Amino acid sequence: MSETEANPLREAIAGAIAEKEVLLFMKGTPEAPMCGFSARTVATLEAHEATFFSVDVLPDPRIREELSAISNWPTIPQLFVKGELVGGCDIITEMADTGELATVLGVKAPAQPAAKAPETVQAPPLTIGDATAE
Amino acid sequence: MALDPLPVLNDPSPDELRERIEAAIPDSRVTEADGDGHHFRVTVISDSFEGVSRINRHRTINEIFEGELGGRIHALSISCQTSEEAK
């Protein structure tokens, strides 16, 4: 039962966080979110017309375990910008309301609330496998 | 051979969350605590949040319920403000 030193999954997650400017760990995909909190966070990012990568934590429970160990944050979604955890759904929603989110993302604040967001171009969903393959 | 009945954990109540937060953060007031036994929303006012990032404010609350979030407390929606911000 000895724990090995190498932890490829944790390294892949940490690598993706370091590499992607805006990275959302969520349940499901931006096109098909599997949780209301993930859906709301995606809608908020899309309303800001932010380009972001996403990782679906559902296929393997270890992704979520390793992510929470890295981030010291218990819940999903988790939004990282420039390698830093910005927050989960509540914090992103609050920051969108105050305009802080646009500043953090380096975009213009949307004129309309998230619900009225137009379709936007998105980066394709990122899998942990992709992150290591690059 | 009958198995002993499993211990029953009460569903958490908004009042339980309020009491535990106010006990853990001495100068805090929980001005909103709603929930259906699984999904909860709390608003916490405390001047100890002054100068503390949103992430770390939420971590203070998460730590009170460590091990229960995602389990006994399925989801907890949190808003943390200083008394100045709450005005």
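Computed from a predicted structure; not experimentally measured. In what follows, every chain begins at residue 1, and chains take the letters A, B, ... in the order their sequences are listed.
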S68(A), part contacting chain B, at a heavy-atom distance under 4.5 Å = neither

Looking at H58(B), E66(B), R41(B), which has the largest count of heavy-atom pairs under 4.5 Å with chain A?
-> H58(B)

Side chain to side chain, L85(A) and N72(A), heavy atoms closer than 4.5 Å = no

Where do L69(B) and P74(A) come nearest, in terms of heavy atoms and distance?
-> CD1-CG, 3.9 Å

Will you find, in the side chains of R59(B) and N62(B), an N or O donor that is under 3.5 Å from an N or O acceptor?
-> no

Segment of S79(B) engaging chain A (4.5 angstrom heavy-atom cut-off) = both

Which is it for E22(B) and S28(B) under the side-chain hydrogen bond (donor to acceptor under 3.5 Å, both in side chains) test, yes or no, and what are the steps along the way?
-> CA-CA 5 Å; E22(B) 290 182 349; S28(B) 67; 5.6 Å; no

